[in-house]
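Nothing here was measured: the structure is a model prediction, and the numbers come from that model. The analysis underlying the following values was restricted to heavy atoms, covering all of them including side chains, and did not include hydrogens, waters or symmetry mates. Quick note on labels: first sequence line is chain A, next is B, and so on, each numbered from 1.
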Protein chains: 2
Amino acid sequence: MGISERKEREKQEMRDLILNAATAMFIEEGYDKTSIRKIADKIEYSPATIYLYFKDKDEIFHAIHDKGFDKFFALMETTRSIENPFDRLIRLSDLYIDFAYENPEYYDLMFIMMAPIEALTHNNEDWTCGFQAYNFLKALIKECMDEGLMKEMDVEVAALSIWSFKHGMTSLAIRNRFKMYSEAEVKKLMKESCDMMLDLFRKK
Amino acid sequence: MGISERKEREKQEMRDLILNAATAMFIEEGYDKTSIRKIADKIEYSPATIYLYFKDKDEIFHAIHDKGFDKFFALMETTRSIENPFDRLIRLSDLYIDFAYENPEYYDLMFIMMAPIEALTHNNEDWTCGFQAYNFLKALIKECMDEGLMKEMDVEVAALSIWSFKHGMTSLAIRNRFKMYSEAEVKKLMKESCDMMLDLFRKK
DNA sequence: AAATATACTGAACAGTGTTTAGTAAAGTCA
DNA sequence: TGACTTTACTAAACACTGTTCAGTATATTT
């Protein structure tokens with residue numbers, strides 16, 4: 001009979017309803033200002049109902065965290081059209097910062113905040129999203145080395161270094177730690193820094 | 001008369017009492033778990049009293065943020081004994097990570113969290129602590145270049161790049177984003193990555 | 001039609017940062 | 001010394017927060 005299937009569908013619809021409301025509020029207002037009560041208000045259900053579909057607030061935000069990675073993966077895929085792997089690496093690296101600037105709240109959830117990552121630490125889950133993006137980077141780095149475009153070194157070390165650099169610059173900017181520079185200076189310096197840094201990895 | 005002086009002294013003592021209690025709790029439990037009410041409980045005063053000495057929670061944590069920088073400055077000074085500027089840069093860079101690992105809560109306040117930096121954004125204050133540490137780094141980089149130990153480049157760009165790299169690695173580690181590696185692997189890769197990265201800046 | 005299962009909620013628990021009105025002690029001045 | 005003022009402090013409240021649980025109304029099954 002189709003009743004249980006409809007019920008399953010309705011359950012999923014309700015989850016989506018909650019998640020969409022939560023996502024919209026989160027992107028607008030951030031994590032702290034998106035309360036369970038406000039989400040419940042928005043979808044016109046009681047706060048208790050939300051707990052029938054999500055274990056706790058962290059689980060909701062882990063789901064949003066995943067949506068952020070989906071957005072990021074879609075952006076990453078657009079680099080595939082670039083022939084030269086090193087140019088592709090440069091483009092990917094630029095995209096990373098663009099993504100963070102355009103989706104600061106997502107970036108927060110994905111790479112800075114503890115909340116969503118603790119949801120899976122508790123559940124003994126892997127950080128699949130992160131692994132996927134990281135493997136994309138590693139494969140690209142390997143390709144660069146194989147084609148003799150990049151200095152030979154341990155791929156893990158190179159990936160860790162480049163990601164660290166990119167994340168550091170991004171998160172310092174997002175979290176307002178470049179107060180020693182004006183907004184225009186920051187923009188200019190970040191671009192120059194990225195160009196210089198990746199050039200250090202180029203085989204000459 | 002000395003009454004107003006005693007009053008001033010007592011006021012400062014009370015501020016210190018609050019700050020010391022807050023700092024101890026913060027280092028033990030972190031920002032979120034250190035509530036105004038718990039601080040008040042610890043020092044055996046009412047929560048409202050704390051608001052006679054600090055504008056809000058952010059102001060307390062900005063004061064702790066400053067204490068963190070004092071700790072960091074003291075550590076930075078220990079590098080002065082190293083003759084070779086580039087070796088000094090390497091040591092400073094290692095110290096940065098050591099500090100973050102040994103004082104993760106302080107590091108949080110200093111370089112990741114919004115709370116303390118927003119306290120001064122609202123008061124139109126400079127981020128003096130940050131400027132000071134950054135100038136130390138820039139002066140050191142300039143010295144390295146002047147002595148022909150480091151590749152010639154814009155000092156601002158070099159400083160921004162090195163700090164970004166260091167902060168990125170540190171904060172990804174602290175915020176549990178290196179789940180693709182075991183603890184031992186992370187330690188090893190971070191060391192290798194730091195060595196490799198700074199070596200890229202070395203003039204050969 | 002009766003019994004069971006599902007979906008949902010009101011109200012409460014235990015906490016948060018912050019404000020305000022009121023009190024008791026300390027200091028000032030005639 | 002007594003009256004007035006300032007200072008230091010607090011109880012209680014406001015407006016929130018995440019989360020739980022007993023109870024209810026509806027839907028499904030027997």
- prompt: Is A/Asp195 salt-bridged to A/Lys191, cutoff N-O under 4.0 Å?
  reply: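 Here A/Asp195 pairs with A/Lys191 in a salt bridge, since their nearest N and O are under 4.0 Å apart.
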field: Ion pair check, B/Arg88 and B/Glu143, cut-off under 4.0 Å
entry: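 A salt bridge is present here (some side-chain N lies under 4.0 Å from a carboxylate O).
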Which residues share a salt bridge (Lys or Arg N to Asp or Glu O under 4.0 Å) with [X], sequence neighbours left out:
X	result
A/Glu192	A/Lys188
B/Arg177	none
B/Glu77	B/Arg80
A/Lys142	A/Asp146

Residues in contact with DNA chain C, drawn from residues 24-35 of chain A - heavy-atom cutoff 4.0 Å: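 Residues of residues 24-35 of chain A under 4.0 Å from DNA chain C: none.
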query: Of the residues in residues 57-67 of chain B, which ones touch DNA chain C at a heavy-atom distance under 4.0 Å?
result: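 Heavy-atom contacts with DNA chain C come from B/Lys57.
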message: Can you tell me which residue among B/Leu19, B/Ile39, B/Ile36 is in a side chain to side chain contact (heavy atoms under 4.5 Å, CB included) with B/Phe54?
response: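 Only one option passes, and that is B/Leu19.
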field: Qualifying side-chain hydrogen bond (donor to acceptor under 3.5 Å, both in side chains) pairs, either residue in residues 106-119 of chain A, two or more places apart
entry: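 Residue pairs with at least one partner in residues 106-119 of chain A: A/Tyr96-A/Tyr107, A/Tyr107-A/His167, A/Asp108-A/Arg175.
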query: Under the ring-ring contact (aromatic ring centres under 6.0 Å, His included) test, which residues partner A/Phe131, sequence neighbours left out?
result: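 If we apply the ring-ring contact (aromatic ring centres under 6.0 Å, His included) test to A/Phe131, skipping adjacent residues, there are no hits.
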Starting at atom [atom1] of [X], determine the distance to atom [atom2] of [N], rounded to an integer number of angstrom.
X	N	atom1	atom2	answer
B/Phe54	C/dT19	CZ	C1'	18 Å
B/Ile50	C/dT18	CD1	C1'	12 Å
A/Tyr51	D/dG18	OH	P	6 Å
B/Glu8	D/dT7	CD	C1'	13 Å
B/Glu13	D/dA8	CD	C1'	15 Å
A/Ile18	D/dG18	CD1	C1'	15 Å

query: Which pairs pass ring pair (Phe, Tyr, Trp, His ring centres under 6.0 Å) with one or both residues in residues 181-201 of chain B, sequence neighbours excluded?
result: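 Pairs touching residues 181-201 of chain B that pass the test: A/Tyr134-B/Tyr181.
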message: I need the B/Ile18 CD1 to B/Lys42 NZ distance, nearest 0.5 Å.
response: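 Output value for this atom pair is 14.5 Å.
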Look for any protein N or O under 3.5 Å of an N or O in nucleotides 6-11 of chain C and output each such pair with its distance, or none.
from  : atom 1 : to      : atom 2 : distance (Å)
C/dC8 : OP2    : A/Tyr53 : OH     : 2.5
C/dT9 : OP2    : A/Ser46 : N      : 2.9
C/dT9 : OP2    : A/Thr49 : OG1    : 2.4

- prompt: With sequence neighbours left out, which residue pairs that include part of residues 10-20 of chain A fulfil the salt bridge (Lys or Arg N to Asp or Glu O under 4.0 Å) condition?
  reply: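 Residue pairs passing salt bridge (Lys or Arg N to Asp or Glu O under 4.0 Å), neighbours aside: A/Arg6-A/Glu10.
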task: Kindly state whether the ring of B/Phe69 and the ring of B/His65 have centres lying under 6.0 angstrom apart.
output: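 Judged by ring-centre distance (under 6.0 Å), B/Phe69 and B/His65 do meet the cut-off.
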Tabulate atom names and distances for all N/O pairs under 3.5 angstrom spanning the protein and nucleotides 22-25 of chain C.
none

